[in-house]
Amino acid sequence: MKDFIYADNAATTRISDSVLAEMLPYLKENYGNASSLYQIGRNSHQAIEKARKTVAELIGASPVEIFFTSGGSEADNWALKGVMRKSAASGKKHMITTAIEHHAVLHSAKALENEGFEVTYLPVDELGRVSAQDVKEAIRSDTALVSVMYANNEIGTIQPVREIGAVCKDAGVLFHTDAVQAAGILPIDVKADNIDMMAISAHKFHGPKGVGALYCKKGLFPEALVDGGAQERGHRAGTENVAGIIGMAKAFSEACAEMKEKAEKLSAMRDEVQEGLLKIHDSRLNGDPENRLPGNLNISFSGVDGQSLLFDLDLQGLAASSGSACASGSVDPSHVLMAIGIPYEMAHGSLRISLGKYNKKEEAGRIIKIVSEVVLRLRGEA
Ligand SMILES: *Cc1c(COP(=O)(O)O)cnc(C)c1O
């Protein structure tokens, strides 16, 4: 493929070489089914349990609290549907989430509404922040679950998770967080952060696609989503994605080890790009300028159509996104930008640049040049 700049790390990331190397033996000679009793099966089983311990330690959990899934979407679906369907038996049929969640959460909540559950969608302020006080006021006697994302995938805003978790704990309500954008980027300690359930996904931190995990506080077992064999201690059926699980543990370890250094590098580069792009007239920064993921930049340009912008940027060798990857292709502006009150026309011309560890410092200048030229051309000003 010809040389291009990849600036869509919130959509997915390139697998790291060391992660791939660690996975390969489990796709080749070590192909045993982890449930089998002969040697290569036992090898797989042991490797999975080692990976479970690694993932657990990196978030301050214990191994029995980690359940591997097919990714972040499944983990979010499982947390919401599994908890609500189980709690219905005790008459608790209400849950709380926010207007800016990923579709894995929002569409799970919608599906639950269709099953007869009630969902409160909390608003956010103009920076994209959910208030713990709002969560507190929304909790009712029949509330079973609160689900608030750790950090937003479009604008990068980081939520007051610890505070929200404390509110839930006080009220005796379970707290789930979609930490897919935060894992490997921000330090997470499920105990200190008062988290009962948490979704993570390997491909957002340089691991393979199609593997993730749901952390569930000890003793908490949401109703199964996938029925079948007795894998994951009988809670999530399906022959384990051995290589994927091993890859996830390796990638998560690497990401956590590089966290501080990476955050400094990415935020410096992001700030440089931000400064350059905000020089374009009639542009604005979306989201929280301070409390934001280090590699995230979301900017709107008036008088520009987001789809045309992405198409032209791609032609110039820049891979970026408008809002979430899942929303692109649809003409509706992002639900996140709408929720923070960005005017429709501005939301339509939004651009998300998300930087990752493989971006080079020199790329900042090229990104500024390419975006500036394309925006002016699309506006008919160049
Ligand atoms: C990517 C993403 C997901 C979905 O994870 P997959 O592993 O791709 O299914 C969920 N939530 C957020 C915030 C994400 O960024």
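Counting convention: from 1, in listed order, for ligands and their atoms alike.
With rounding to the nearest 0.5 angstrom, the CD1 atom of Ile299 is 14.0 Å from the OG atom of Ser322. Atoms CZ and NZ, from Phe117 and Lys81 in turn, are 11.5 Å apart once rounded to the nearest 0.5 Å.
What sits closest to atom 7 (O) of ligand 1 on the protein, heavy atoms only, is Ser201 OG, 2.6 Å. Counting only heavy atoms of the protein, atom 6 (P) of ligand 1 lies nearest to Gly72 N, 3.5 Å. Of the protein's non-hydrogen atoms, the one nearest atom 4 (C) of ligand 1 is Ser73 OG, 3.5 Å. Taking atom 11 (N) of ligand 1 as the reference point, the nearest protein heavy-atom neighbour is Asp178 OD2, 2.7 Å.
Near Asn153, with a cut-off below 4.0 Å to any heavy atom, the atoms of ligand 1 are 13 (C), 15 (O). Ligand 1 places these atoms under 4.0 Å from at least one heavy atom of Asp76: 10 (C), 11 (N). Each of the following atoms of ligand 1 lies closer than 4.0 Å to a heavy atom of Val180: 1 (C), 2 (C), 3 (C), 10 (C), 11 (N), 12 (C), 14 (C), 15 (O).
Phe4 and Tyr6 have perpendicular rings, their planes meeting at more than 60° on a 0 to 90° scale where under 30° would count as parallel.
Lys93 NZ: more than 12 foreign heavy atoms inside a 6.0 Å radius.
With Tyr150 as the partner, the side chain to side chain contact (heavy atoms under 4.5 Å, CB included) test is satisfied by one option alone out of Asp178, Asp193, Val180: Asp193. With Ile100 as reference, Val124 is the one residue of Val124, Val105, Thr157 to meet the side chain to side chain contact (heavy atoms under 4.5 Å, CB included) rule. The only member of Ser321, Ser354, Ser334 that meets side chain to side chain donor-acceptor pair (under 3.5 Å) when paired with Glu154 is Ser334.
Comparing Met149, Gln181, His203, Glu101 by heavy-atom distance to atom 15 (O) of ligand 1, the nearest is Gln181.
Gln181 and His102 share no side-chain donor-acceptor pair at under 3.5 Å. Defined by atom type and a distance below 3.5 Å, a donor-acceptor pair is missing between the side-chain atoms of Gln316 and Asp312.
Neither the backbone nor the side chain of Lys209 has a heavy atom within less than 4.0 Å of ligand 1. Residue Lys204 touches ligand 1 through its side chain alone, judged by heavy-atom distances below 4.0 Å. Contacts between Thr12 and ligand 1, counted as non-hydrogen atom pairs separated by less than 4.0 Å, are absent for every part of the residue.
No N or O atom of Gly71 sits closer than 3.5 Å to an N or O atom of ligand 1. When only interatomic distances are considered, the shortest N/O to N/O separation between Glu74 and ligand 1 does not fall below 3.5 Å.
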